[in-house]
Amino acid sequence: MIRDFHIAKREEDIGFYAGFVGSSFMVGRALTSLFWGVVADRYGRKPVILIGTFSVVVFNTLFGLSTNFWMALSMRFFLGCFNSLLGTIRAYASEVCREEYRALALSVVSTSRGIGLIIGPAIGGFFAQPVEKYPNLFAESSIFGRFPYFLPCLIISVYAVGSLVACKWLPETLHKHAEKAHERADLHDISEHSSNDSGQKDNIVELEDKQIHKSNLLKNWPLMSTIIVYCVFSLQEMGYSEIFSLWAVSDKKYGGLSFSSQDVGEVLVISGFGLLLFQLLLYPPVERRLGPLMVTRLSAVISIPLLSCFPYIAMLSGVVLHLVINCAAILRNTLSVSLVTGLFILLNNAVPQSQRGAANAISITAMSVFKAFGPAGGGALFSWAQERQVASFLPGDQMVFFALNVVQFIGLLLTFKPFLAEPYQRE
């Protein structure tokens, strides 16, 4: 898309401009996430989810109709401003089921998000420029000939309309009617008269939570340390997502795979299917046995040697290349989502329900700031690396994946004490 806007003077500069389009979404989300988190805690999770889904319908469609770089940049920015889904749904998932199923619920959220990050680019790979790929189905004079990137955006927007309709049956999880009846009562009297009433015990726990946790969330170190670790890993994840597609479609002479956009789409679809199977079938029992923090650490450790192998995969060709890159992509995406899921669990355990929306909003705001640097930094790093193919130290794409591993290693170090304070398990 950046190539067709003709804003990049050289092919090596495409990644630089593409990074800014990716970062604009994160900048918009960073500016508004805290606001939407407060709204979710005050008015409920469902209204915020509806607004965020509707914004996808509008701004994603307009993004596909972009005629220049600046319009594309603006639509992504506005989409980020109204996108309040991730943090709100994480809070929702931790509330909609019992404690013993919370790991599975947050695993579903991570899996859905991870598959979205995989299937979304895959849809782009298969359906972008449909006139060139499917000339028998799409005429040059049609709207898809004038706007070659409108079809994948339209498909996603139609899917978002279906999600919007499905939200009609979504139950609200933020219930405040019970606390009004008890907020004027003395906590000691309530506990004395309702020791045998399990329903009122829940209200006592909520009142205790309010008294204990009403302090500033920024002073909650178990929460803030988890958010910081999450931000570091998010920076690495976003940089990888940006770099992988650029690396896969770049020419062999630059150390890439010389894949077409359709080849990249196939890799992403296959890795998304593998991710779905692992997260739904294997992650919950692994998390129960090892705990969320240990799963996060192991995922980070295994990812480092895996990423180091990527530059050497480009030396392969034919069927072997496709087989190896698919296996590597499945393993990499599975490790990345497992890592993030463990941090989701730690984050939601660090706060009571009454502050969960705001806590997740803080994490999304901070993460969006870090992720805003991910695409721009990754694109700039990739463009720079392609210009140093004959360097003596980490030539070409070896430098790109080395930089990703440095960030991953920093995140791994931060998961240990005394930095990361693991929250106590909430009942």
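Computed from heavy atoms alone, side chains included, the values below leave out hydrogens, waters and symmetry copies.
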Within the 4.5 Å heavy-atom criterion, are [X] and [Y] side-chain neighbours or not?
| X | Y | value |
| --- | --- | --- |
| Leu73 | Phe77 | no |
| Ser55 | Leu79 | yes |
| Leu414 | Leu420 | no |
| Phe63 | Val21 | yes |
| Thr173 | Arg356 | no |
| Pro130 | Leu137 | no |
| Leu307 | Phe402 | no |

Using a cut-off of 6.0 Å, state whether more than 12 heavy atoms not belonging to [X] lie near its atom [atom1].
| X | atom1 | value |
| --- | --- | --- |
| Phe69 | CZ | yes |
| Phe5 | CZ | yes |
| Tyr149 | OH | yes |
| Phe147 | CZ | yes |
| Tyr134 | OH | yes |

Atom pair [atom1] ([X]) and [atom2] ([Y]), whose distance is rounded to the nearest 0.5 Å:
| X | Y | atom1 | atom2 | answer |
| --- | --- | --- | --- | --- |
| Arg76 | Ser66 | CZ | OG | 10.0 Å |
| Leu164 | Ser157 | CG | OG | 11.5 Å |
| Phe20 | Ile2 | CZ | CD1 | 11.0 Å |
| Asp251 | Leu257 | CG | CG | 10.5 Å |
| Leu316 | Ile325 | CG | CD1 | 9.0 Å |
| Thr88 | Ile364 | OG1 | CD1 | 8.5 Å |

My understanding is that only one of Thr226, Asn360, Leu343 makes a side-chain contact (heavy atoms from CB on, under 4.5 Å) with Asn348; could you say which?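 Single pass found, and it is Asn360.
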
Using modelled atom types and a 3.5 Å cut-off, is there a donor and acceptor pairing between side-chain atoms of [X] and backbone atoms of [Y]?
| X | Y | result |
| --- | --- | --- |
| Trp36 | Gly357 | no |
| Asn60 | Val56 | no |
| Ser74 | Trp70 | yes |
| Arg29 | Asn83 | no |
| Ser84 | Val48 | yes |
| Thr296 | Leu339 | yes |
| Glu172 | Lys46 | yes |
| Asp397 | Val400 | no |
| Lys133 | Phe127 | no |
| Ser225 | Pro222 | yes |

Please lay out, stage by stage, how His322 and Phe259 fare under the test side chain to side chain contact (heavy atoms under 4.5 Å, CB included). CA-CA 10 Å; His322 285 267; Phe259 276 11; 3.8 Å; yes

Mind listing the closest non-hydrogen atom pair of [X] and [Y] along with its distance?
| X | Y | value |
| --- | --- | --- |
| Thr415 | Arg297 | O-NH2, 2.7 Å |
| Leu347 | Ser363 | CD1-CB, 3.5 Å |
| Pro292 | Gly342 | CB-O, 3.6 Å |
| Ala160 | Thr53 | O-CG2, 3.5 Å |
| Val264 | Ser245 | CG1-OG, 4.2 Å |
| Thr365 | Leu34 | OG1-N, 3.3 Å |

Angle between ring planes, [X] versus [Y], binned at 30° and 60°: parallel, tilted or perpendicular?
| X | Y | value |
| --- | --- | --- |
| Phe401 | Phe310 | tilted |
| Phe419 | Trp221 | perpendicular |
| Phe244 | Tyr240 | tilted |

Under 3.5 Å, is there a donor-acceptor pair between the Asn333 and Ser336 side chains? no

Between the side chains of Asn220 and Gln355, does any donor sit under 3.5 Å from an acceptor? no

Checking Val58 against Phe82 for the side chain to side chain contact (heavy atoms under 4.5 Å, CB included) test, could you report, in this order, the C-alpha distance in whole Å, the side-chain angles of both residues, the deciding distance, and whether it holds? CA-CA 10 Å; Val58 176; Phe82 287 89; over 6 Å; no

Working for side chain to side chain contact (heavy atoms under 4.5 Å, CB included), residues Thr341 and Glu287: CA-CA 10 Å; Thr341 303; Glu287 188 275 334; over 6 Å; no

Within 45° cone and under 6.0 Å: Arg45 NZ/CZ vs Tyr92 ring: no

